2 protein chains.
Amino acid sequence: MDEPSLKPGDRDFVGALASGLEVLQVFGVEHPRMTLSEVAARTNMDRAKARRFVLTLHALGYVKRVGRQFELSPRVLGPGYAYQASNQYRAVIEQYLEEITAELGESSSLAVLDGNDVVYVVRSPARLRLMAITLSVGTRLPAGYTSMGRVLLGQLREQELDGFLESVELKAFTPYSIMTKESLKKEILKVRSQGFAIVDEELDAGLRSVAVPIYTGSNVLLGALNISTNAARVDMQVLMSVYLPRLQEVVGKVKLIAQ
Amino acid sequence: MDEPSLKPGDRDFVGALASGLEVLQVFGVEHPRMTLSEVAARTNMDRAKARRFVLTLHALGYVKRVGRQFELSPRVLGPGYAYQASNQYRAVIEQYLEEITAELGESSSLAVLDGNDVVYVVRSPARLRLMAITLSVGTRLPAGYTSMGRVLLGQLREQELDGFLESVELKAFTPYSIMTKESLKKEILKVRSQGFAIVDEELDAGLRSVAVPIYTGSNVLLGALNISTNAARVDMQVLMSVYLPRLQEVVGKVKLIAQ
DNA sequence: GCACAATTGTTCGAAATACGAACATTTGTG
DNA sequence: CACAAATGTTCGTATTTCGAACAATTGTGC
């Protein structure tokens, strides 16, 4: 775990950059378009300050203006594109995931750990399912309650895992959600030793998934692979005897890729 | 066209935000990982300044630290995710594009205009082609030399189009590339009147594509749809008689979506 | 079309911040 | 181990960012 050497208020912490990124982050699904006053209200900034940041983001091309409203511009895809393009395994993993989806008819994903969340970085959605998983690249979910998160947490050093457990927020997403830190730690250690995670209706009703860690041939962790299913349709036995081996097959293939 | 009301040096332009975003942008395929000194050199900033920005981005979670090196963190996917999630047509268009790919075996995309570039926002890559188009969501290409760009430029008002033509950089990507502003304008106006664009080996050898504009039922431009092909494999007649109608079909379906 | 509320734009004094130079410390390499 | 390169730290100060207050514009309801 990579601790910041700076915090807000430190002399070398650039407050204006933090404020500007805070303004950028306020645009999203719930508030795709906003006036200056709305941005100021949402960020709790003085109006003149918010105005400066919005207009600067606009001048730099990160937001567009439509009358009095501002919205994100496609330029904000840039850093994410750079992030994805910097990892040469992404494209080949995406193809393997699509093969899984074509074969099993299930959604399959790669995610990485970021703070206490998993972030989806590759997605192959199942198209034939009415009961669909509505997730995209960039989606963040609480690591402790997802199969991929459990797998990734299981790869952490003891100290890092303890750091996670210290700061994790436990939440009863469903009646099955783990509600003590002790049980969560125990589950993560179990996942670590068995080499895969199954999470069953802990984050959302009906959501059942299996995940494994995926490494390069030189043992660099690339993330976690999963297959997400509907608990009403796929029983545990299929998950273990068909889906898990299929994931492990991809893991094996990726390990053989020359660098 | 949405002109900035601020420019660098203006009193209300937040220089520190611009510098911080400049630092963020320096990370990419060519330089995925960098030390502080490397960031300072690439941005041409004083070392102490670059250090402040890198360490602030790190503290905010946008970059990770590995020893002495910094790299983008998955958190940079956030603004792009917000941008994509803010548009409710994206998911359904993605499905239509995948159907096209499944049916015709070609890559198909949706792009929008940003400055003088098109930015790819939805992608359905053809998996069976060895001669593949290697593009991702977030990829930017010069609008004037791409079928989708031509289509989008054709939707601009006269003044906006003239603004584009004034600032466009003409470049001989291939022997077929348009090299005068007059020819380019003529081509864009032709695209506008015929309702589609075909670009043939103007950006890259072998790259042939057809594109159409796509609107909502209430006449809001969503972007341009295309199918990209290999000129060695797909002749003009197929492009016109099979591929173009297929795109127009999707356009018709999207127009019918209730808001 | 008008009145008025809400929003946005502008100015400017000054507090705060960001800057870079110079020195100190640490790390990597041959 | 020596030394070069890189990073960390400090601090005076120039510059930038801040917000309050006033001005102008826009949107809305009648």
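Atom set for the values below is all heavy atoms of this structure, side chains included, hydrogens, waters and symmetry mates excluded. Lettering follows sequence order; numbering is per chain, from 1. Everything numeric in this text was worked out from a predicted model, so none of it was measured.
Under the side chain to side chain donor-acceptor pair (under 3.5 Å) criterion, Asn44(B) pairs with no residue at all, not counting sequence neighbours. With sequence neighbours left out, Asp117(A) forms a side chain to side chain donor-acceptor pair (under 3.5 Å) with Arg140(A). Applying the side chain to side chain donor-acceptor pair (under 3.5 Å) rule to Glu187(B) yields no partners; only residues at least two apart in sequence or on another chain are considered. Legend: residues meeting side chain to side chain donor-acceptor pair (under 3.5 Å) with Glu38(A), ordered by chain and number and at least two apart, are Thr35(A).
Here CZ of Phe164(A) is found 4.5 Å from CG of Leu153(A). Values are rounded to the nearest 0.5 Å. Rounding to the nearest 0.5 Å places CD of Glu182(B) at 9.0 Å from CG of Leu165(B).
In terms of modelled atom types and a separation under 3.5 Å, the side chain of Thr139(A) and the main chain of Leu135(A) share no donor-acceptor contact. Under the 3.5 Å distance criterion, the side-chain polar atoms of Lys7(A) are left unmatched by any main-chain donor or acceptor of Ala59(B). Listed for the Ser109(A) side chain is no donor-acceptor partner under 3.5 Å among the backbone atoms of Tyr120(A). In terms of modelled atom types and a separation under 3.5 Å, the side chain of Arg75(A) and the main chain of Asp114(B) share no donor-acceptor contact.
Within residues 51-59 of chain A, the residues that place at least one heavy atom under 4.0 Å from DNA chain D are, in residue-number order, Arg52(A), Phe53(A). Within residues 35-48 of chain B, the residues that have a heavy atom under 4.0 Å from DNA chain C are, in order of number, Asp46(B), Arg47(B), Ala48(B). Residues from residues 10-18 of chain A that place a heavy atom under 4.0 Å from any atom of DNA chain C, listed by number: Arg11(A), Phe13(A), Val14(A), Gly15(A), Ala16(A).
Counting only residues at least two apart or on different chains, the salt bridge (charged side-chain N to carboxylate O under 4.0 Å, His left out) pairs with a member in residues 45-66 of chain B are Asp12(A)-Arg51(B), Asp12(A)-Arg52(B), Lys64(B)-Glu71(B). Applying the side-chain hydrogen bond (donor to acceptor under 3.5 Å, both in side chains) rule to pairs touching residues 143-156 of chain A yields Ser147(A)-Ser209(A), Arg150(A)-Glu202(A), Gln155(A)-Tyr215(A), sequence neighbours excluded. Residue pairs meeting the salt bridge (charged side-chain N to carboxylate O under 4.0 Å, His left out) criterion with at least one partner in residues 16-29 of chain A, sequence neighbours excluded, do not occur; the list is empty.
Following rounding to the nearest Å, Arg65(A) (CZ) and dT7(C) (C1') show an atom-to-atom distance of 11 Å. For Lys49(A) and dA20(D), the NZ to P distance is 12 Å, given to the nearest whole Å. In this structure, CD of Gln69(A) is placed 18 Å from P of dA6(C), rounded to the nearest angstrom.
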In the 5'-to-3' direction, what one-character label does each nucleotide of nucleotides 25-30 of chain C receive under the scheme B = base within less than 4.0 Å of a protein heavy atom, S = sugar-phosphate only, - = no such atom? -BS---

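Both the sub-6.0 Å distance and the 45° axial angle are satisfied by Arg90(A) relative to the ring of Tyr83(A).
Using a cutoff of 4.0 Å between basic side-chain nitrogens and carboxylate oxygens, Glu158(B) and Lys185(B) are scored as salt-bridged.
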Which dot-bracket string fits DNA chain D when only Watson-Crick or G-U wobble pairs with both atom distances under 3.5 Å count, crossing pairs get [ ], and | stands for a partner on a different strand? ||||||||||||||||||||||||||||||

